[in-house]
Amino acid sequence: MSSGTVSAAIIGWREWVALPGLGVPAIKAKIDTGARSSALHAFDVERFEQAGRAMVRFQAHPLQRNDDYLITAVAVLLEEREVRNSGGQAELRPVIETQVQVGQAVWTIELTLTNRDEMGFRMLLGRQAVRRRYLVDPGRSYLQPLPVPPA
């Protein structure tokens with residue numbers, strides 16, 4: 001292998017991922033290298049303080065076109081960040097840190113919370129999350145196995 005060769009796993013433009021720290025066993029994510037940050041569909045976002053730490057509680061429907069399946073999650077609020085949405089409008093979003101699982105690989109990412117109700121995917125996995133981990137094949141989907149919780 002030459003020094004200019006990259007050795008990385010390949011993912012498609014959409015993959016099943018899990019967010020184990022948030023209680024999401026599986027969610028379809030669009031892999032979007034055009035988006036810097038990752039985003040999760042969230043609503044009823046409530047900021048509060050616990051033991052001197054800024055926290056956020058929110059609800060999410062992780063499955064597309066299924067509003068019956070609901071999760072409620074709590075996470076440490078890292079910051080509020082201005083993010084441009086797909087329409088180019090700036091939006092102030094809560095940012096949390098959580099683990100993501102693609103296939104058997106698990107790592108920590110930053111995740112912004114926003115209403116993605118009108119979007120095709122409830123989650124967007126941005127380029128910071130996949131950088132130096134995966135090459136993206138934009139013509140293929142679901143190249144990684146369904147996430148299975150580590151034993």
Side-chain angles (χ1 to χ4, degrees), residues 8-136 138 141-150:
I10 299 175
I11 55 176
W13 72 272
R14 59 186 169 178
E15 293 287 344
W16 281 102
V17 305
L19 301 170
L22 301 179
V24 178
I27 183 171
K28 279 184 197 175
K30 178 181 179 184
I31 313 304
D32 190 348
T33 59
R36 182 177 179 272
S37 56
S38 299
L40 176 67
H41 169 65
F43 59 95
D44 290 344
V45 178
E46 173 192 350
R47 292 153 184 84
F48 64 100
E49 197 171 295
Q50 180 178 325
R53 296 180 85 177
M55 305 289 290
V56 64
R57 178 182 297 112
F58 60 93
Q59 294 189 318
H61 297 297
L63 301 177
Q64 291 171 272
R65 295 178 291 282
N66 183 345
D67 291 344
D68 294 331
Y69 181 56
L70 175 75
I71 63 135
T72 300
V74 175
V76 173
L77 178 64
L78 289 182
E79 66 176 339
E80 300 272 344
R81 184 180 301 154
E82 193 171 277
V83 177
R84 294 213 175 268
N85 63 22
S86 59
Q89 293 180 305
E91 174 185 39
L92 193 61
R93 296 183 186 174
V95 181
I96 64 170
E97 196 172 74
T98 192
Q99 291 205 310
V100 66
Q101 180 179 356
V102 177
Q104 290 303 308
V106 180
W107 70 99
T108 301
I109 63 168
E110 286 187 357
L111 193 57
T112 66
L113 305 177
T114 187
N115 187 330
R116 294 186 53 81
D117 229 3
E118 301 303 313
M119 303 304 214
F121 287 83
R122 298 287 169 103
M123 184 171 170
L124 202 72
L125 200 58
R127 70 176 172 266
Q128 280 190 318
V130 298
R131 187 177 178 188
R132 295 192 182 102
R133 292 184 179 278
Y134 294 100
L135 295 176
V136 181
S141 299
Y142 310 118
L143 299 179
Q144 296 296 311
L146 280 171
V148 175

What one should report as the nearest heavy-atom pair of Pro138 and Trp13 is O-CD1, 3.4 Å
Which of Leu111, Thr112, Asp32 passes side chain to side chain contact (heavy atoms under 4.5 Å, CB included) with Ser37? Answer is Thr112
- [ ] May I ask you to test the Leu70-Phe43 pair for a side-chain heavy-atom distance under 4.5 Å?
- [x] yes
**Study point:** Backbone N/O of Val130 and side chain of Trp107: donor-acceptor pair under 3.5 Å
**Key:** no
| message | Tell me whether Glu80 contacts the main-chain N or O of Glu82 through its side chain, where contact means a donor paired with an acceptor under 3.5 Å. | response | no
field: More than 12 heavy atoms from other groups under 6.0 Å of CZ on Arg81
entry: yes
(message) Would you say CD of Glu49 has more than 12 non-hydrogen atoms from neighbouring residues, nucleotides or ligands within 6.0 angstrom?
(response) yes
- Item | Step-by-step side-chain contact (heavy atoms from CB on, under 4.5 Å) determination, Leu19 to Val100 | CA-CA 5 Å; Leu19 301 170; Val100 66; 4.0 Å; yes
Side-chain touch Ile27/Leu40, heavy atoms, less than 4.5 angstrom: yes
For Gly126 and Ser38, the nearest pair of non-hydrogen atoms, with its separation, is N-OG, 3.0 Å
In the structure I gave you, are the side-chain heavy atoms of Pro62 and Arg122 within less than 4.5 Å of one another anywhere?
no
In this structure, CZ of Arg131 is separated from OG1 of Thr33 (nearest 0.5 Å) by 12.5 Å
Quiz item: So, Thr72 side chain and Gln59 main chain: donor-acceptor pair closer than 3.5 Å or not?
Solution: no
query: Taking C-beta and beyond as the side chain, do Ile109 and Leu125 meet within less than 4.5 Å on heavy atoms?
result: yes
Residues Val106 and Gln101: closest non-hydrogen pair is CG2-CG, 3.7 Å
Within a strict 4.5 Å, meaning less than it, do heavy atoms of the Arg127 and Arg36 side chains meet? yes
Residues Met55 and Gln50: closest non-hydrogen pair is CG-CB, 3.7 Å
Nearest heavy-atom approach of Phe121 to Ala29 is CD2-C, 3.9 Å
- Query: Does Val102 reach the side chain of Arg133, with side-chain heavy atoms less than 4.5 Å apart?
  - Reply: no
Exercise. Taking the six-membered ring for Trp, are His61 and His41 parallel (under 30°), tilted (30 to 60°) or perpendicular (over 60°)?
Worked result: parallel
Over 12 non-hydrogen atoms of neighbours within 6.0 angstrom of CZ in Arg47: yes
*Less than 4.5 Å apart, any side-chain heavy atom of Glu46 and any of Phe58?*
no
Taken to the nearest 0.5 Å, the spacing of Glu110 CD from Glu97 CD works out to 6.0 Å
Which of Val76, Val56, Val74 passes side chain to side chain contact (heavy atoms under 4.5 Å, CB included) with Ile96? It is Val56
All heavy atoms of Glu15 vs all of Gln144, minimum pair found to be OE1-N, 3.0 Å
